[in-house]
Amino acid sequence: MTMSTDFNLSTLIPGAAPTMPAVSAPPVMQLENVSVFYGNYEAVRGTTMAIREHQITALIGPSGCGKSTVLRSLNRMNDLVNGARVAGKVTFHGQDLYAADVDPIQVRRRIGMVFQKPNPFPKSIYENVAYGLKINGIKDNMDDRVEQALRGAALWDEVKGKLKSSGLALSGGQQQRLCIARAIAVKPEVILMDEPCSALDPIATGKIEDLMHDLAGTYTIVIVTHNMQQAARVSHHTAFFTAELDEAGVRHGRLVEFNDTGRIFTNPGDKRTEDYITGRFG
Ligand SMILES: Nc1ncnc2c1ncn2[C@@H]1O[C@H](COP(=O)(O)OP(=O)(O)OP(=O)(O)O)[C@@H](O)[C@H]1O
C-alpha cells in the first residue's frame, strides 16, 4: 500500500494539523473481517485493517462505536470479558492470534496495554516496573532493566531518587508514564493505549504525546482517543468507526474509513467521517 507523505495542512478542524506523515511500513497485525460479540450482541461488525510496524494508529469515533472493543481484540484482552467472542481473523506477523495453540499470556506480553486510568500497583515505583519482569521469569539485571524502562518512559529523571516510594504517590501523568514503563519493561512489540490521556491535564497529556512520538521508533502503537486533535497530532494512520442501526433497530459499530491521518483530517473519503471530524455529528 502506498503511504502519502504530502498533504494539505488546511485541516477541517482547527488545531488538528496532522504532524506525523505516514511512511511505508510493513503490517505487523491484520484484522480481517473481525466482528466482536458480547453474548449474542454483535458490538462491532466486519473490521478489516492493518496495523503498521513502528507507526501509530489511532482509533476514533463516537461513544459506543466499538473502539475499545476492537483494541482489546488485538491482544486477546476480550478473553477476560465474560461472554465476549471474536469472529474473523486477527493475525500477528501472519499468525492467527486466536489459534488453539496460541497462549494468550504470551500474546499480552508481546502486545502490551496501557489503560485509560493510570493503574499502578500499590507497590514501590521500582516494584511496579520489576513486577512484570518477574512474572515473565526475568530475574537478571533487574536494576538495569528497571532503569531502562523508566528512561524509555521519560520518567527516570523525576523518580531516580525515590524508587522505593509508592507508585501511587506520583502525579496522574507520572503514574501513566509509570504504567508505560511497566508495559515496555517486558519489551513488547506492540503497545495498545486505551484513552491514555483522558484522565490527565494538558501538560501531562503533552508529555505522553511526546513520549508516544519517541516510542514509535521502537514500538508499534495503537491508541483509542476521543480527542481528534490528539489523533491528528500523534498518529500516522486513523481508523474512524461509527455506530449504525440495523434493520431491527440494533446498534452495531462499524469501521467507516481507514487511511493515513493526513488524509482523514484533510480530505476524508466518506461524508460520515467529515461530519464527525467537523463536529456535525457525534
Ligand atoms: N463487557 C461488555 N459487555 C457487554 N457489552 C459491552 C461490553 N463492553 C462494551 N460493550 C458494548 O459494546 C459496544 C462498544 O463498546 P466500546 O466500549 O468498545 O465502545 P467505545 O467506542 O470504546 O466507547 P467509548 O468511547 O464510550 O469508550 C457498546 O454498545 C457497549 O455497550
Side-chain angles (χ1 to χ4, degrees), residues 13 16 29 31 33-49 51 56-88 90 97-98 104 108 111-119 172 176 179 190-200 205 208-209 212 221-235 237-259 261 264-265 268 270 272-273 275-282:
I13 47 172
M29 305 192 74
L31 291 91
N33 201 22
V34 169
S35 300
V36 187
F37 296 81
Y38 295 107
N40 292 328
Y41 172 57
E42 189 175 13
V44 189
R45 287 191 152 166
T47 303
T48 296
M49 60 186 279
I51 308 294
I56 303 179
T57 300
L59 311 184
I60 65 169
S63 188
C65 66
K67 306 177 291 295
S68 298
T69 296
V70 168
L71 190 78
R72 288 193 299 263
S73 76
L74 297 177
N75 74 342
R76 297 196 48 173
M77 214 60 156
N78 283 324
D79 290 15
L80 308 175
V81 178
N82 242 349
R85 179 170 67 82
V86 174
V90 182
L97 263 195
Y98 287 81
R108 290 181 212 122
I111 307 172
M113 194 150 192
V114 173
F115 298 88
Q116 182 168 4
K117 192 166 172 295
N119 60 345
Q176 197 59 305
C179 294
V190 181
I191 307 175
L192 310 177
M193 298 186 168
D194 197 350
E195 302 213 37
C197 303
S198 65
L200 306 181
T205 294
I208 300 274
E209 290 183 4
M212 288 176 68
I221 297 177
V222 186
I223 177 175
V224 165
T225 178
H226 263 117
N227 179 327
M228 284 181 288
Q229 280 91 343
Q230 179 170 69
R233 282 193 299 265
V234 303
S235 71
H237 310 278
T238 296
F240 169 65
F241 291 81
T242 192
E244 287 175 352
L245 296 177
D246 66 14
E247 321 72 54
V250 180
R251 196 170 282 277
H252 305 277
R254 256 190 186 289
L255 175 62
V256 172
E257 188 169 355
F258 175 53
N259 214 325
T261 296
I264 292 279
F265 282 91
D270 193 293
R272 291 168 292 179
T273 315
D275 286 350
Y276 181 73
I277 67 175
T278 53
R280 281 196 282 271
F281 162 76

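Atoms within a ligand are numbered from 1 in the order they appear, just like the ligands themselves. Just so you know, these numbers come straight off a predicted model, no measurement behind them.
Counting heavy atoms closer than 4.0 Å to ligand 1, residue H226 contributes side-chain atoms (C-beta onward) but none from N, CA, C or O. Counting heavy atoms closer than 4.0 Å to ligand 1, residue T69 contributes atoms from both its backbone and its side chain. When non-hydrogen atoms are compared, ligand 1 lies under 4.0 Å from neither the backbone nor the side chain of F241.
The protein heavy atom nearest to atom 26 (O) of ligand 1 is S63 OG, 2.5 Å. Shortest contact from atom 25 (O) of ligand 1 to any protein heavy atom: K67 NZ, 2.8 Å. Of the protein's heavy atoms, S68 CB, 4.0 Å lies nearest to atom 17 (O) of ligand 1. Closest to atom 29 (O) of ligand 1 among all protein heavy atoms lies Y41 OH, 3.5 Å. In terms of protein heavy-atom proximity, atom 23 (O) of ligand 1 is nearest to G64 N, 2.9 Å. Looking at atom 19 (O) of ligand 1, its nearest protein heavy atom turns out to be G66 N, 3.2 Å.
At least one side-chain heavy atom of V70 sits under 4.5 Å from a side-chain heavy atom of L31. For the pair Y276 and P62, the minimum side-chain heavy-atom distance is below 4.5 Å. In this structure the side chain of R45 reaches within 4.5 angstrom of the side chain of D246, judged on heavy atoms. Contact annotation: the side chain of I111 approaches that of L97 to within less than 4.5 Å [non-hydrogen atoms, C-beta and beyond].
Every atom of ligand 1 with a heavy atom of V81 under 4.0 Å away is listed here by number and element: 1 (N). Close approach of ligand 1 to C65 (heavy-atom distance below 4.0 Å) involves ligand atoms 19 (O), 21 (O). Shown in contact with A43 at under 4.0 Å from a heavy atom are these atoms of ligand 1, numbered in order with element: 12 (O), 13 (C).
A side-chain hydrogen bond (donor to acceptor under 3.5 Å, both in side chains) with E244 is found for one member of R251, R272, H252 and no other, namely R272.
Counting protein heavy atoms under 4.0 angstrom from atom 9 (C) of ligand 1 gives one or more. Within the 4.0 angstrom cut-off, atom 31 (O) of ligand 1 has no protein heavy-atom neighbours.
Using a 3.5 Å distance cut-off with no hydrogens or angles, the side chains of N78 and R72 do pair a donor with an acceptor.
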Trace of the side chain to side chain contact (heavy atoms under 4.5 Å, CB included) decision for T48 with L255: CA-CA 8 Å; T48 296; L255 175 62; 5.8 Å; no
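Nearest heavy-atom pair, P196 versus M193, reported as atom, atom and distance to 0.1 Å: CG-CB, 3.7 Å.
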